[in-house]
Each structure stands twice: as structure tokens, then as C-alpha cells.
Amino acid sequence: MTESLRPLTRPRLYEQVVDRLREYVHKEHLHAGDRLPPERDLADRLGVSRTSVRQAIVALEVQGLVEVRHGGGTYLLRDRLDAEPLETMIDRQRRLPDVLDARDALETKLAFLAATRRTEDDLREIDAALTAMAEAVERGELGVSEDKRFHAAVTAAGHSPLLAAFMSEISLPIAESREESLRQPGRPARSLEQHRAIAEAIRAGDGEAAARAMHHHVVTVGHVKLLDWQAEALG
């Protein structure tokens, strides 16, 4: 049987709930900071169980689209609920641990090298990246491009062409892990502080401290809801 004739699948009920919620947010002109109706009300109005509603909310939370405040309801973190398909989330979940291992190995070493090899021009670019990220955080943005600029500056300051080439080879999965991390509530500001610690160690010429600070940062990047999410629970 050809791939085009593979068995048909029906949308999971929770995915249908997500679709209805996306439509509701659009038609009601809701924005980031607005509260969704309580789970019980959503279940009644959609004619589904509260379990299906809860599964939909968890999937949206994992993607950084909503924030669930215990005892306080569910609030939008974005103006739109553009959720990913389940298969895409599962693929990212499977890739992420390997990406984090690679980032830890490469970026920790690059931070060490940057502390011992950085030039004044390197330090200026690192500082410029920090300033740009601070401004993004102040504006309430995730600071994805600014985060990328900082890590690129550290990589350049390591003056290791081969390690830089390795980083370039995995730039797409690194970008994926970066966005996954920065979508976590409060993470952009925390990431900024960790970047400052890395920069301080590099400026001081302390390779061991720079490596420790980068390792700590990458470990934090791995603290995301996606890795705790149980896709099989959705049926």
C-alpha cells in the first residue's frame, strides 16, 4: 500500500476543542492578558467533558499560549491561539534532549574559550547584545533574536572556527530550543540575568566561571513544560 493510502485518522477531541478556542478568541477579539471562560463553562458550552477541555488547555500551556493560574483561571499570553499539531509537538519533545546535550557540550566550551580569547571588539558586541535583550524584555517581548545575538557573540569570542561551524550546523534545532525556553512565563528576564553572569565571567577572563555560568544557563533552557508533557495521555 502506498503512503498516500495510509489509514485515515480522526481529529482528537482535544484538538477540536483547541480549534474552537482559537475561533472563540478571534471572534471575541480577545488579547494577551484576557481570561478564558472557566473549564466547566467551556465543557458545557462545547458539549465535551472537562477532561477534554483540560487536555486542550494543557497543550496550549505547553506551547506558551496560555498561563494557568491555580485558583485564578486561564489567561492568554498571546493575541492568537495558533497551536501546533500534536505530531509537531511530539517531534520537538523527542529532539529537545539531544539538542540540549549538544548545546551544553559546545556552548560551555565556547564560553570557556571566550573568557580566554575575547578581544575588546568581542566584549563590545556581547554588551550590545545584552543591551538589546534588556530593551526587548522591558518591552515585554521574548527577545528571541536578541538571545540569538548574544550566543552568536559568545561563539565569535571563542575564536574557534571548527566549534563555530558545529554551532552553525545545528542552528535550526538551537533556534527551536531557544524559542521553547523563552516562551516559559518569566523566562526572558531570567535568561537576561544568566547572560549577564556569563558576560561578566568572560569579561573577567575566568574560563571556569564562564563555563559554569553557561552550563547553568543551558540547564535552565531545558526546564520547559514540553519535556514534562505526556502526549500519550491525550489518547
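Start at 1 with the first residue, then count along the sequence.
With a 6.0 Å radius and a threshold of 12 heavy atoms from other residues, nucleotides or ligands, Glu141 has its CD atom above the threshold. The neighbour count for His159 NE2, taken as heavy atoms of other residues, nucleotides or ligands under 6.0 Å away, is above 12. Atom CZ of Arg80 has 12 or fewer heavy atoms from other residues, nucleotides or ligands within 6.0 Å. Around the CZ atom of Arg40, the shell of radius 6.0 Å holds no more than 12 heavy atoms that belong to other residues, nucleotides or ligands. Few gaps surround CZ on Arg78; more than 12 heavy atoms of other groups in view lie less than 6.0 Å from it.
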Show the numbers, then the answer: is there a salt bridge (Lys or Arg N to Asp or Glu O under 4.0 Å) between Asp127 and Arg203? CA-CA 10 Å; Asp127 288 342; Arg203 182 176 295 280; 2.3 Å; yes

Please determine whether side chain to side chain contact (heavy atoms under 4.5 Å, CB included) holds for the pair Thr220 and His216, giving the CA-CA distance in whole Å, both sets of side-chain angles, and the decisive distance to 0.1 Å. CA-CA 6 Å; Thr220 300; His216 175 66; 4.1 Å; yes

Please evaluate residues Ser191 and Met133 with respect to the criterion side chain to side chain contact (heavy atoms under 4.5 Å, CB included), reporting the C-alpha separation (whole Å), side-chain torsions for both, the decisive distance (0.1 Å), and the verdict. CA-CA 9 Å; Ser191 181; Met133 189 170 190; 3.8 Å; yes

Given side chain to side chain contact (heavy atoms under 4.5 Å, CB included), test Leu142 with Arg183 step by step and report yes or no. CA-CA 7 Å; Leu142 297 184; Arg183 284 202 298 255; 4.1 Å; yes

Checking Arg149 against Glu146 for the salt bridge (Lys or Arg N to Asp or Glu O under 4.0 Å) test, could you report, in this order, the C-alpha distance in whole Å, the side-chain angles of both residues, the deciding distance, and whether it holds? CA-CA 5 Å; Arg149 180 180 178 181; Glu146 293 81 5; over 6 Å; no

Could you check Leu65 against Leu76 for side chain to side chain contact (heavy atoms under 4.5 Å, CB included), going step by step and ending with a plain yes or no? CA-CA 6 Å; Leu65 297 173; Leu76 297 176; over 6 Å; no

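Rounding to the nearest 0.5 Å places CG of Leu192 at 11.0 Å from CD of Glu135. Here the CD atom belonging to Glu39 is positioned 12.0 Å from the CG atom belonging to Leu46, to the nearest 0.5 angstrom. Atom CZ of Arg124 and atom OG1 of Thr131 lie 13.5 Å apart (nearest 0.5 Å).
Between Leu182 and Asp147, the shortest heavy-atom contact is CD1-CB, 4.0 Å. Smallest separation of non-hydrogen atoms from Ala134 and Arg196: CB-NH2, 3.7 Å. Nearest heavy-atom pair across Leu60 and Val18 is CD2-CG1, 4.0 Å. Contact record, Ala199 with Leu130: CB-CD1, 3.6 Å, taken as the closest heavy-atom pair. Taking every heavy atom of both residues into account, Ile202 and Ala210 meet most closely at CG1-CB, 4.0 Å. The nearest pair of heavy atoms linking Ser52 to Leu13 is OG-CD2, 3.3 Å.
In terms of modelled atom types and a separation under 3.5 Å, the side chain of Arg117 and the main chain of Gly158 share a donor-acceptor contact. Distance alone, capped at 3.5 Å, places no donor-acceptor pair between the Gln63 side chain and the Ala83 backbone. For Asp34 (side chain) and His31 (main-chain N/O), a donor-acceptor pair under 3.5 Å exists by modelled atom type. A distance-only check finds no donor-acceptor pair linking the side chain of Asp101 to the backbone of Asp98 [under 3.5 Å]. One N or O on the side chain of Ser171 and one on the backbone of Ser168 form a donor-acceptor pair closer than 3.5 Å. In this structure, Arg118 contributes its side chain and Leu123 its backbone to no donor-acceptor pair below 3.5 Å. No donor-acceptor pair under 3.5 Å is formed between the side chain of Gln194 and the backbone N or O of Ala213.
For the residue pair Thr88 and Asp91, no side-chain donor N or O sits within less than 3.5 Å of a side-chain acceptor on the partner. If you check the side chains of Glu67 and Thr74, you find no donor sitting under 3.5 Å from an acceptor. Side-chain polar atoms of Arg103 and Ser177 form a donor-acceptor pair below 3.5 angstrom.
Residue pairs meeting the ring pair (Phe, Tyr, Trp, His ring centres under 6.0 Å) criterion with at least one partner in residues 178-211, sequence neighbours excluded, are Phe150-His195, His151-His195, His195-His217.
Taking 4.5 Å as the limit, every side-chain heavy atom of Arg35 sits out of range of all side-chain heavy atoms of Leu30. A 4.5 Å side-chain heavy-atom check between Pro185 and Lys225 finds at least one atom pair inside the cut-off. The side-chain heavy atoms of Pro173 and Arg95, taken from C-beta on, include no pair separated by under 4.5 Å. Inter-residue side-chain proximity for Leu36 and Ile57 is flagged as met; some heavy-atom pair is nearer than 4.5 Å. Residues Ser49 and Arg54 fail the side-chain proximity criterion, which asks for heavy atoms closer than 4.5 Å.
Taking the charged nitrogens against the carboxylate oxygens, Asp19 and Arg22 do have a contact shorter than 4.0 Å, which makes a salt bridge. Ion pair Glu23/Lys27 flagged as a salt bridge, since at least one NZ, NE, NH1 or NH2 atom sits closer than 4.0 Å to an Asp/Glu carboxylate oxygen.
When each of Arg190, His223, Glu176, Arg187 is tested with Ser181 by the rule side-chain hydrogen bond (donor to acceptor under 3.5 Å, both in side chains), just one qualifies, namely Arg187.
Tyr75 and Tyr24 are assigned to two separate hydrophobic clusters, defined by single-linkage of ILVMFWY side chains at heavy-atom distances under 4.5 Å. Cluster membership check: Val99 does not share its hydrophobic cluster with Leu227, using side-chain heavy-atom separations under 4.5 Å among Ile, Leu, Val, Met, Phe, Trp and Tyr. No continuous path of hydrophobic side-chain contacts links Leu42 to Leu77 [ILVMFWY only; heavy atoms under 4.5 Å].
In this structure, Phe166 shares a hydrophobic cluster with Leu106, Leu110, Phe112, Leu113, Leu162, Leu163, Met167, Ile170, Ile174, the cluster being traced through Ile, Leu, Val, Met, Phe, Trp and Tyr side chains under 4.5 angstrom apart.
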